[in-house]
Amino acid sequence: MKSLYSVFAVSVLALSAFSQNRSVPVYKDASKPIEERVEDALSRMTVEEKVGLLHAQSKFCSRGVQRLGIPELWTTDGPHGIRPEVLWDEWEQAGWGNDSCVAFPALTCLAATWDPEMALLYGTSIGEEARYREKDVLLGPGVNIYRTPLNGRNFEYMGEDPYLAGKMVVPYIKGVQSNGVATCVKHYALNNHEVNRHTTNVAVDDRTLYEIYLPAFKAAVVDGGTWSIMGAYNLYKDQHACHNKYLLNDILKGEWGFDGAVISDWGGTHDTDEAIANGLDLEFGSWTNGLSNGRSNAYDNYYLADPYLARIKDGKVGTTELDDKARRVLRLIFRTAMSADKPFGSLCSDEHYDAARKIGDAGIVLLRNEGQLLPIPNQGKGRILVVGENAIKMMTVGGGSSSLKVQHEVLPYDGICEMAESMGWTVDYARGYVGDVTGAYNGVTTGQDLSESRSASELIDEAVEKAKKADYVIFVGGLNKSKRQDCEDSDRESLELPYGQNAVIEALAAANKNLIVVNVSGNAVAMPWVKKVPAIVQAWFLGSEAGNSIADVLFGKVNPSGKLPFTFPVRLDDVGAHATNSYLGIKRDKENVWDNTYGEGILVGYRWHDTKKIAPLFAFGHGLSYTTFDYGKLRADKQRMGDTDEITLTVPVTNSGKVAGAEIVQLYISDPKCSVMRPAKELKGFAKVFLQPGETREVSFTVNKDALCYFDADNHMWVAEPGKFVAVAASASDAPRSSVEFNFE
């Protein structure tokens with residue numbers, strides 16, 4: 001059924017046409033197919049109007065066609081919440097009083113749920129917020145692969161495995177776009193660190209490109225149907241990714257048949273001729289000359305603005321590319337701003353806060369729980385000590401373009417206090433360490449005063465003295481969203497925890513045996529104290545409901561079920577990119593370009609650890625529960641499969657503990673004898689199953705030829721070699737539970 005808005009809009013158009021004694025133009029008739037509307041609008045436009053569609057007119061919007069009543073296109077930063085309004089032509093805040101939002105957990109947390117239903121809930125909820133704010137394009141989600149734990153922007157992405165990221169991005173897209181808001185999946189492609197991000201030229205072989213760095217983007221296009229894609233800042237094959245022939249024309253629009261619009265990252269466009277020829281459709285944020293030419297940010301001087309128009313008028317280029325670009329932008333407008341079926345949306349609703357909390361609950365990962373220290377008993381008469389700056393620091397402000405202005409944010413300390421005190425516990429606090437006491441980004445301030453005059457030793461002494469008197473100690477630390485931590489445009493300086501936190505944790509472990517460490521981060525961190533701490537929780541950046549989600553897990557209101565979407569290494573040299581000395585590139589002589597060859601190739605994340613037999617600190621897919629799960633024998637419905645055949649693999653899983661809980665069953669495939677090097681195993685399926693105590697359910701996976709293939713770069717095709725394959729059911733990449741062999745013929 002069409003919305004009331006839809007009926008009203010069509011009725012107004014019909015009345016207008018009747019009053020003027022003429023028919024409604026096809027492009028305005030919402031009952032007509034979009035392609036017919038696009039072609040009709042295109043036929044009515046001048047060359048100047050077509051060029052005008054292709055570039056920004058403000059920080060976050062591009063032109064429509066005013067003469068024809070085609071509206072402008074409004075974009076907004078995501079992917080964790082709807083960015084507050086800025087001035088038309090500046091980055092400064094517009095000062096609105098109604099542009100606060102719900103902050104949803106970071107995408108690392110969403111990936112840690114391993115639950116496509118959570119991704120759909122996330123996309124639907126954030127899409128409703130974008131729709132209410134009259135945004136047409138949400139700049140996200142991000143699916144760049146976690147190649148190094150130093151990448152400052154990893155918290156915005158979905159982990160190290162292309163299969164997991166691909167399965168999670170599709171429902172997110174469908175949820176957002178059900179609201180008439182386009183996703184703009186980013187950053188396409190090979191944007192895997194932030195240092196020198198504008199000047200890094202990535203060198204990677206085609207096999208690695210197709211097996212590791214492209215599958216999630218392909219899933220977003222082919223399975224998710226995303227309406228737009230954002231180009232990356234870096235170069236590839238000596239062309240910037242925002243106008244890269246191989247990535248955009250050959251693969252995205254050619255092989256995958258993408259019919260949407262390619263949008264530049266802000267400042268990602270560098271050349272008019274390349275932008276014309278190599279697939280860029282819509283240009284934002286270019287740093288052109290705004291001093292001597294054009295308006296303050298020189299929108300008419302953008303590479304796809306007057307310079308493009310001048311080339312057409314001079315006969316240097318034709319209009320074939322122009323029509324294709326304008327057609328794609330019009331298609332995006334008709335799918336969003338001019339859609340008659342878009343709902344009204346909603347902002348800061350109870351349902352959205354519930355969704356944020358539910359996603360956070362499902363994504364928190366219990367890394368270690370020796371002696372079943374957790375959950376904390378719900379009938380307490382003693383003392384709980386909370387230590388650490390991250391327990392009291394707002395995390396929704398900062399981190400780059402995903403920084404938000406929230407209606408409210410429940411801090412970890414507040415969430416713990418509320419739940420603990422309702423159960424009879426007394427809660428105390430000690431600072432423990434001082435990190436970043438600032439609380440502002442791009443004009444949004446937290447209003448917190450975290451200044452501290454005491455020395456590091458005084459803070460540790462206070463925490464230790466209080467810890468000796470407590471029944472439980474909860475240390476809430478990790479990273480924050482400041483520069484050189486989890487933050488856009490900078491990378492971390494090391495794998496270690498900052499601000500002297502290791503010393504605090506060591507001292508607390510010596511003072512109280514009931515120590516719980518809650519690590520708030522979007523990245524793996526080193527844990528030299530790991531064997532001294534009985535309980536460790538990975539909590540992510542959890543958004544508006546952070547404190548409530550953390551309390552839900554610590555006190556057992558929620559049985560944790562999250563699994564790591566990336567590997568925690570013991571040391572940095574255990575990571576493939578660092579072991580091969582290829583984390584960053586080498587600067588070219590006399591050029592501001594850094595050539596970065598991905599030395600580890602396809603062996604990213606657990607593929608490197610498994611194949612090289614390097615034990616991780618915590619493996620990809622690892623995550624504990626307050627109950628236990630037993631796996632039965634994995635079986636195949638047949639022993640042989642052919643080229644167009646499928647095989648069904650089934651494993652029984654039993655909740656052998658005393659409380660209800662969910663297990664994420666992971667399916668890996670190995671090709672033990674192959675003519676090319678292959679990883680020890682690769683994820684090819686996963687399923688989340690909820691079980692009552694004593695309950696058994698059978699979990700099945702259907703596998704076809706695609707799950708057996710590697711990419712043959714020489715022949716540019718996917719190949720599955722005949723022979724024996726091994727399927728492994730596992731609770732983590734380092735925890736196989738059962739396996740079965742089958743043959744591909």
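We number each residue from 1, following the sequence as shown.
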Q: Under a 3.5 Å cutoff, is there a donor and acceptor pairing between the side chains of Y146 and N192?
A: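 Y146 vs N192: no donor-acceptor pair found between side chains.
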
Q: Is a donor on one side and an acceptor on the other found under 3.5 Å between the side chain of T654 and the backbone of S656?
A: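 Flag not set: sc T654 to bb S656 has no pair under 3.5 Å.
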
Q: Verify the distance criterion only: is there a donor paired with an acceptor across the side chains of T567 and E160 at less than 3.5 Å?
A: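 The answer is yes; a qualifying pair exists.
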
Q: May I ask you to check whether W114 and Y163 place their ring centers less than 6.0 Å from one another?
A: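 W114 vs Y163: aromatic centres not under 6.0 Å.
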
Q: Please say whether the positively charged group of R640, taken as NZ for Lys or CZ for Arg, lies over the ring of F742, i.e. under 6.0 angstrom from the six-membered ring centre and within 45 degrees of the axis.
A: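 Judged by the rule, R640 and F742 form no cation-pi pair.
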
Q: Do D645 and K638 have side-chain heavy atoms sitting under 4.5 Å apart?
A: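 When only atoms from C-beta onward are counted, K638 and D645 do touch, with a gap below 4.5 Å.
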
Q: Testing V221, L214, V262 one by one against Y188 for a side-chain contact (heavy atoms from CB on, under 4.5 Å), which residue passes?
A: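 Exactly one candidate clears the test, L214.
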
Q: Hey, are N559 and S625 close enough side-chain-wise for a donor-acceptor pair under 3.5 Å?
A: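 Yes, side-chain donor-acceptor contact under 3.5 Å.
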
Q: What heavy-atom pair brings N151 and Y157 nearest, and what distance separates the two atoms?
A: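 The answer is ND2-CE1, 4.0 Å.
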
Q: Which pair of non-hydrogen atoms, one from E488 and one from R197, has the smallest distance, and what is that distance?
A: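 Where E488 meets R197 most closely, the heavy atoms are OE2-NH1, 3.0 Å.
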
Q: Compute whether any side-chain donor of one residue and acceptor of the other, for H622 and Y606, lie under 3.5 angstrom apart.
A: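 No donor-acceptor contact under 3.5 Å links the two side chains.
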
Q: Please find the pair of heavy atoms, one from V181 and one from L138, that lie closest to each other, and give the distance.
A: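 Scanning both residues completely, I find the closest heavy atoms to be CG1-N, 3.9 Å.
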
Q: Using a distance-only test with no angle check, is there a side-chain donor-acceptor pair under 3.5 angstrom linking E274 and T269?
A: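 Their side chains do not contain a donor-acceptor pair, so the 3.5 Å distance test is not met.
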
Q: Do T650 and R635 meet the criterion of a side-chain donor-acceptor pair at a distance under 3.5 Å?
A: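 No, no side-chain donor-acceptor contact under 3.5 Å.
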
Q: Under 4.0 Å between a side-chain nitrogen and a carboxylate oxygen: does that hold for R607 and D161?
A: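 Yes, charged N to carboxylate O under 4.0 Å.
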
Q: Which residue, N596, D491, T200, L150, forms the side-chain contact (heavy atoms from CB on, under 4.5 Å) with V195?
A: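 With V195 as partner, side-chain contact (heavy atoms from CB on, under 4.5 Å) holds for just one option, D491.
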
Q: When the ring centroid of F104 is compared with that of H80, is the distance short of 6.0 Å?
A: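 F104 vs H80: aromatic centres not under 6.0 Å.
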
Q: Taking side-chain hydrogen bond (donor to acceptor under 3.5 Å, both in side chains) as the cut-off, I'd like each qualifying pair that reaches into residues 206-222, sequence neighbours left out, listed once.
A: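 side-chain hydrogen bond (donor to acceptor under 3.5 Å, both in side chains) check on residues 206-222 returns D205-T208, D206-Y246, R207-E211, Y210-E255, Y210-H716.
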
Q: Flag the pair K186 and D265 as a salt bridge only when some basic side-chain nitrogen lies within less than 4.0 angstrom of an acidic carboxylate oxygen.
A: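 Salt bridge between K186 and D265, a charged N being under 4.0 Å from a carboxylate O: no.
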
Q: Of the non-hydrogen atoms in M158 and L164, which two are nearest, and what is the gap between them?
A: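 Looking at all heavy atoms of both residues, the closest pair is O-CD2, 4.5 Å.
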
Q: Taking atom types as modelled, is there a side-chain donor on Q538 or N519 under 3.5 Å from an acceptor on the other?
A: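 Looking only at side-chain atoms, N519 and Q538 do form a donor-acceptor pair, the distance falling under 3.5 Å.
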
Q: Kindly determine whether E721 and Y710 satisfy side-chain contact (heavy atoms from CB on, under 4.5 Å), including the steps that lead there.
A: CA-CA 9 Å; E721 291 185 348; Y710 67 88; 3.1 Å; yes

Q: Using side-chain contact (heavy atoms from CB on, under 4.5 Å) as the criterion, point out the one residue from T611, V604, D671, I669 that pairs with P679.
A: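 Testing each of T611, V604, D671, I669 against P679, the sole residue satisfying side-chain contact (heavy atoms from CB on, under 4.5 Å) is T611.
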
Q: Mind checking side chain to side chain donor-acceptor pair (under 3.5 Å) for T226 and listing every partner two or more places apart, or none if nothing turns up?
A: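 For T226, the residues satisfying side chain to side chain donor-acceptor pair (under 3.5 Å) (neighbours in sequence not counted) are T183.
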
Q: Answer yes if the ring centres of F566 and F568 are under 6.0 angstrom apart, and no otherwise.
A: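 Distance test on ring centres: under 6.0 Å, yes.
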
Q: Check whether any side-chain heavy atom of F686 sits under 4.5 Å from a side-chain heavy atom of V665, and report yes or no.
A: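 F686 vs V665: side chains apart.
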
Q: Taking atom types as modelled and ignoring hydrogens, do the side chains of S733 and K681 form a donor-acceptor contact shorter than 3.5 angstrom?
A: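 No.
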
Q: Within the 3.5 Å criterion, strictly below it, is a donor on N191 or Y233 matched to an acceptor on the partner's side chain?
A: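 Y233 and N191 do not have a side-chain donor-acceptor pair below 3.5 Å.
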
